[in-house]
Structure formats: C-alpha cells, structure tokens
Amino acid sequence: MQQDGSFSADARFDAVLVGAGIMSATLAALLHELDPGLRLLLVERLEGPARESTAAVNNAGTGHAANCELNYTPMQADGTVATAKAVAINAGFERSLEFWGSLRERGQLDPGAFLHQADHISAVWTPENIAFLRQRFEQLSQIPAFASMRWSEERTELTEWMPLVMAGRDLKQPVAATRIERGTDVDFGALTRAYLEPLQRSGALCVEYGTQVCDLNRLRRGDMREADWRVILQGPSGKREVRSPFVFLGAGGGALPLLQRSGIPEADDFAGFPVSGLWLVCGDAQLAAKQRAKVYGKAAVGAPPMSVPHLDTRWIDGQRSLLFGPFAGFSSKFLKQGSLLDLPASVRATNLLPMLQVGATNLELVQYLINQLRQSPTQRHEALQQFMPTARAEDWSLSVAGQRVQIIKRSKQGGRLQLGTEVVASKDGSLAALLGASPGASTAVTIMLEVLQRCFKDRLASAPWQERLRALLPSIGGDPVRDPDLLLAMRQRSDALLGLTG
Ligand SMILES: Cc1cc2nc3c(=O)[nH]c(=O)nc-3n(C[C@H](O)[C@H](O)[C@H](O)COP(=O)(O)OP(=O)(O)OC[C@H]3O[C@@H](n4cnc5c(N)ncnc54)[C@H](O)[C@@H]3O)c2cc1C
C-alpha cells in the first residue's frame, strides 16, 4: 500500500506461491513454461529453498513409481492384491520423468544434479510375507508398467541384488525379493533449487526468503470472480501486503493453517495429524558403495503406510550414503521447524469431531506410534539388523526426518484418515492448497497439472497453452495405463534424455 492509500502495481502478481518446496517450485516451472509473461511471486519463511520436507535429508528420495513400496498394493479379502493405486503412481512418476526430460532437452535442467538410477527391490522373510509378495509379483508383472519386474528366492542371486541385506543372514531363513532395475533416487532439494534458480535469475520469478505469509483474505469488489487475494507478509522489514488473483498454498505442513485462514468453505472439511520420523544414516561411502538399491520391506501392523522400513542408497550433494528407516513418532508440530502449538491451533469446531473419530477408530496406529516413541537405540539397531545383519551401531547415526501431516477428512461416515495427498481448491479456482504427504514429491508434476486444471481451466484449454503443454509433455491427452505403446514411447524418450536404462 502506498502513502496515498493506493496500491502499487509492483505489489500485484499474477500468482503468489507460498513455500519454496518441490510443489511450489514445480508449479512455478510449469506456469512459466506455459506463459513466460506471468509475474510470479514465491514467499518462503525460511532463509532458502527446500529446507523442510523437500530437503534431501528430510525424505527418502525414492522416485516413487510403486516398483517396491508394498503399501501401494494392499492385500484384499479375496487373496488378490489391489493394483490400481500402484498403476496410478507409476503413471504419475512417468509424467515427472517426461517433464524433466523436456527441460533437459531445452538445456534448462541437468539430471545428473538430482537423479540417479538405483534398483527398486521389495524383500521379505516370513512365509506369510513371501506369499503376499508372490501374489503381488504375479499380478503386477502382467501389467505393462511392471513387466520388467523379476522374482527371486535364490540366495546367490539375492546376494547379487542386495549384498548388504544378505551378508551374515541365517541360512535357514527363507528370503524372497522382486527387483525392477529402472528405479531411481531423487534429490528433491537439488531439483527444487534447479527449478527456482534460473527463474529467479531471469526475473520471471520474484522470491522472498525469510518472509512468512501470516494472513490472507479476499478483497471484495462488485464481482467476486474479479477480486484479488490480499496476502499479508511478515518479512525482515516488517509487515506488508501483496495482491494476486491466484494463490497456491504449497506450504507443506503449513498449508492447513493457511487454508483455514483463507476462510474458503472447502477448508472446513480438513484437519491434520502430524507424524514425525527418524532415520539411521550411514555416512561410510565404502559401505554405501556396496549397495545400489532401495530395499523396501513390509510395514508392521498398525504402521502408517509411509513408515514401511527400507534400506536406501542415497546420493545427496553428490555423496553416496545409506539410510534406514523411517522410525515414526508423534510431535504436534506441522513443520520440522514449526511450533508445538501447530496441532492445537488447527482445531476448529468443524474438525474436532472428525479428529476424535479418527483417534477412536485407529487404535492400532496410536499403539504403533507409542511403541515407536518408546524405542531405545538398541531396539532401533535391532530393526536395522533385520535388514542388514552385519550392521555395526558405530557406523550409524540418528537423524531427524521431515514432518508429515496426514489428512483427516470429514465425511458423511465420520472422520477419515487419508494417507495420500489432496489438492483443495476454492470453487472459483482462485486459491489452491496441497495437503498430505505421499507419494508427494515424485508425482509433483501430476499434482500441479491438477492444480492447473482446477484453477487455470480456461487458459489451459486455450490454443497457446495447449500447444506449449504438448511440447512439454508429448504424451498428454493419451493414457499410458491403457495404451502400452504410448507407455513404451514415453519411457524410451525419458530414458534417452535422462540417461536411464532397464
Ligand atoms: C520422512 C519422509 C519421507 C519421504 N519420502 C519420500 C520419498 O521417498 N519420495 C517422495 O516422492 N516423497 C517423499 N516424501 C514426501 C515429500 O518429501 C513431500 O511430498 C514434499 O517434499 C512436499 O513438498 P512441499 O513443497 O509440499 O512441502 P515442503 O518441502 O515442506 O515445503 C513447504 C515450504 O513452505 C514453507 N512455509 C510453510 N508455511 C509458510 C508460511 N506461512 N509462509 C511462508 N512459507 C511457509 C516451509 O518453510 C517450507 O519450506 C517424504 C516425506 C517425509 C517427511
């Protein structure tokens, strides 16, 4: 606002994106590609990009393609596994690869800075879990997206696939695994910086770090559809406001409180349930070099699906390491660098009952989290040794992972704990927020395409945007799930551009 009460045109943007994580960064990149003339503002409360869940050390860096994550294919009452979610996640990750390939083709992205190939392996060692894995393998390997999946119960082959998992293992213990060689490790922090820096340098994107969005409300003029959002920023030089016809709340755990402040009626359906996490990290590069795989196991009863234990090869800032976990826990913070008051402050008359209903109907989860919180260092090491029998405690250190805020959604049947992500948008498309955590970063391109579809519907349908979109995502409009030839063409193009094989 200027001294004479008028509003400076400099403080009006075509879009304001809140949070400098992978979600806002992906949306900024997409919007810029579709219309380079847009004036975009990105606001981040911390002093740099990708410092919450998107930071490589705060997540597992798995390019989630449902190759190895057993929680995406739950067992059903009829003895078969459900495959629909796995197929959708796989297609979502292919869309991310397609987008990165196009930016690589244009010389705008260096895949070597954030993308590494690593086998995706599911490994189990109880008769019940082996039967489950066998069923999963038989169904998935019939689907074109997973046709390259291989099965083994043969020790020599398993040792070749995952030497650290097999070394020192009891010879009498049965082990089975599936492997897909075209898996990936992704440094989502490096990717976020790679999206943002060129946009910022070219002036297409204004970025304000160390600046918190503390409030937002809709200006009321004659026609609501034309009214801007007024976004209040608290930065190093005090409070000020900016305006925009479109706001994206890509604030991770901070999205729910902002969605509630926005006052849109859609916000009333939601509450959040935070789950914290710990990793064991082995920085011994020589040990890490012995494995080039992400090995996922089966979650314990009651565990939230994202707490499936896994032993992961990582590339972070060019360094190889090994990561094991996550061990789940409970903290009332919505962000790792948040406040213990986050959860209580999010309770409203509209979401209290759904929260209580979820607490009462998810006692196994509550019990699981209590047990995880009570785990001693020795018990955590024992859990690691189930995956890597030769692991020595002195090689591993504890590291705090990012905070995940699971969605609690009000429904006619009562409060429901939702374990995916959900785009919540106002009816008029002037505001959107992303809630939830998994599969998250891996499918950010698909999620942001949904934001565009719901909030930029008319422009997305226009000839110039369609032309640019098709150049960026050549398979758009087709269905790689139903059309194996299209899937093959997508994969061949992405592999050639991003240097993947298999
Ligand atoms: C333990 C763990 C393991 C995971 N593993 C994987 C994995 O293997 N593969 C995968 O694909 N995904 C994984 N995820 C999920 C993935 O990390 C998230 O989906 C993704 O990082 C979310 O990105 P984001 O941009 O929405 O949020 P964030 O990265 O959390 O960014 C949100 C940003 O908003 C800022 N912010 C918040 N409030 C405000 C405000 N009021 N004003 C200004 N700025 C604000 C925050 O400071 C933060 O920088 C994992 C997550 C966790 C926690």
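Counting starts at 1 for both ligands and their atoms, in listed order. Atom set for the values below is all heavy atoms of this structure, side chains included, hydrogens, waters and symmetry mates excluded.
Looking at Trp279 against ligand 1, only its side chain comes within 4.0 Å, counting heavy atoms. Neither the backbone nor the side chain of Pro326 has any atom closer than 4.0 Å to an atom of ligand 1 (non-hydrogen atoms only). Only backbone heavy atoms of Thr211 (N, CA, C or O) come within less than 4.0 Å of ligand 1; its side chain stays farther off. Contacts with ligand 1 closer than 4.0 Å are made by side-chain heavy atoms of Val18 only, the backbone lying farther away. Here Ala255 has no heavy atoms under 4.0 Å from ligand 1, in either its backbone or its side chain. The proximity of Ala25 to ligand 1, defined as any non-hydrogen pair under 4.0 Å, does not occur for either the backbone or the side chain.
Of the polar atoms of Gly253, none of the N or O atoms is found under 3.5 Å from an N or O of ligand 1, judged by distance alone. Of the N or O atoms in Met23, one or more lie within a sub-3.5 Å distance of an N or O in ligand 1. The shortest N or O to N or O distance between Leu434 and ligand 1 is not under 3.5 Å. Residue Glu52 has no nitrogen or oxygen atom sitting less than 3.5 Å from a nitrogen or oxygen atom of ligand 1, judged on distance alone. For Gly254, no nitrogen or oxygen atom sits less than 3.5 Å from a nitrogen or oxygen atom of ligand 1, counting backbone and side chain alike. The shortest N/O to N/O separation between Asn58 and ligand 1 does not fall below 3.5 Å. Polar contact check, Gly440 against ligand 1: no nitrogen or oxygen pair lies under 3.5 Å apart. Of the polar atoms of Ala401, none of the N or O atoms is found under 3.5 Å from an N or O of ligand 1, judged by distance alone. Considering backbone and side-chain atoms alike, Ser442 places an N or O below 3.5 Å from some N or O of ligand 1. Among the atoms of Leu258, none of the N or O lies under 3.5 angstrom from an N or O of ligand 1.
Those atoms of ligand 1 that come under 4.0 Å of a heavy atom in Phe188, given as number and element, are 9 (N), 10 (C), 11 (O). Of all atoms in ligand 1, listed by their number and element, those nearer than 4.0 Å to a heavy atom of Leu46 are 47 (O). Ligand 1 places these atoms under 4.0 Å from at least one heavy atom of Gly19: 33 (C), 34 (O), 35 (C). Residue Gly402 approaches ligand 1 through these ligand atoms, each under 4.0 Å from one of its heavy atoms: 53 (C). Those atoms of ligand 1 that come under 4.0 Å of a heavy atom in Ala437, given as number and element, are 15 (C), 19 (O). Ligand-side atoms of ligand 1 in range of Ile22: 20 (C), 21 (O), 23 (O), 25 (O), range being under 4.0 angstrom from any heavy atom. The atoms of ligand 1 that sit less than 4.0 Å from any heavy atom of Val43 are 43 (C), 44 (N). Close contacts between ligand 1 and Thr62 involve ligand atoms 7 (C), 8 (O), 9 (N), 10 (C), 11 (O) [criterion: under 4.0 Å to a heavy atom].
For the salt bridge (charged side-chain N to carboxylate O under 4.0 Å, His left out) with Asp215, the qualifying choice from Lys239, Arg230, Arg261 is Arg261, the only one to do so. Just one residue in the list Val124, Val81, Val308 forms a side-chain contact (heavy atoms from CB on, under 4.5 Å) with Leu70, and that residue is Val124.
Judged by distance alone, the side chain of Glu33 and the main-chain N or O of Leu30 form no donor-acceptor pair under 3.5 Å. Remark: the backbone N or O of Ala56 is paired with a side-chain donor or acceptor of Arg314 at under 3.5 angstrom. Not a single donor-acceptor pair under 3.5 Å links the side chain of Glu181 to the backbone N or O of Gly502. With hydrogens and angles ignored, the 3.5 Å screen pairs a side-chain donor or acceptor of Arg454 with a backbone N or O of Val423. When atom types are taken as modelled, the side chain of Ser96 and the backbone of Glu94 share no donor-acceptor pair closer than 3.5 angstrom. Although no hydrogens or angles enter the test, the distance criterion places no donor-acceptor pair under 3.5 Å between the side chain of Asp119 and the main chain of Ile121. Looking at Gln291, its side chain never comes within 3.5 Å of a backbone N or O of Ala289 through a donor-acceptor pair.
Ring-plane geometry between Trp315 and His116 is classed as parallel, the angle between the planes falling under 30 degrees on a 0 to 90 degree scale with a further cut at 60. Taking the six-membered ring where tryptophan is involved, the planes of Tyr296 and His310 are essentially parallel, since the angle between them stays under 30° and well short of 60°.
Between the choices Glu44, His64, Gln234, the shortest heavy-atom distance to atom 10 (C) of ligand 1 belongs to His64. For atom 17 (O) of ligand 1, the choice among Ser53, Cys214, Gly210, Gly189 with the nearest heavy atom turns out to be Ser53. Taking only non-hydrogen atoms, the option from Leu17, Thr54, Val57, Asn59 nearest to atom 13 (C) of ligand 1 is Asn59.
Counting non-hydrogen atoms of other residues, nucleotides and ligands closer than 6.0 Å to CZ of Arg410 gives a total above 12.
Cation-pi geometry between Arg243 and Trp229 is not met at under 6.0 angstrom from the ring centre and within 45 degrees of the axis.
In this structure the side chain of Leu384 never reaches within 4.5 angstrom of the side chain of Arg380, judged on heavy atoms.
Heavy atoms of Gly250 come nearer than 4.0 angstrom to ligand 1 in at least one pair. Distances shorter than 4.0 angstrom do not occur between any heavy atom of Gly277 and any atom of ligand 1.
A salt bridge links Glu422 to Lys409: at least one charged side-chain nitrogen sits closer than 4.0 Å to a carboxylate oxygen. Between Asp312 and Lys294, at least one side-chain nitrogen of the basic residue sits less than 4.0 Å from a carboxylate oxygen of the acidic one, meeting the salt-bridge criterion.
Side-chain contact, Glu69 with Thr62: no donor N or O sits under 3.5 Å from an acceptor N or O.
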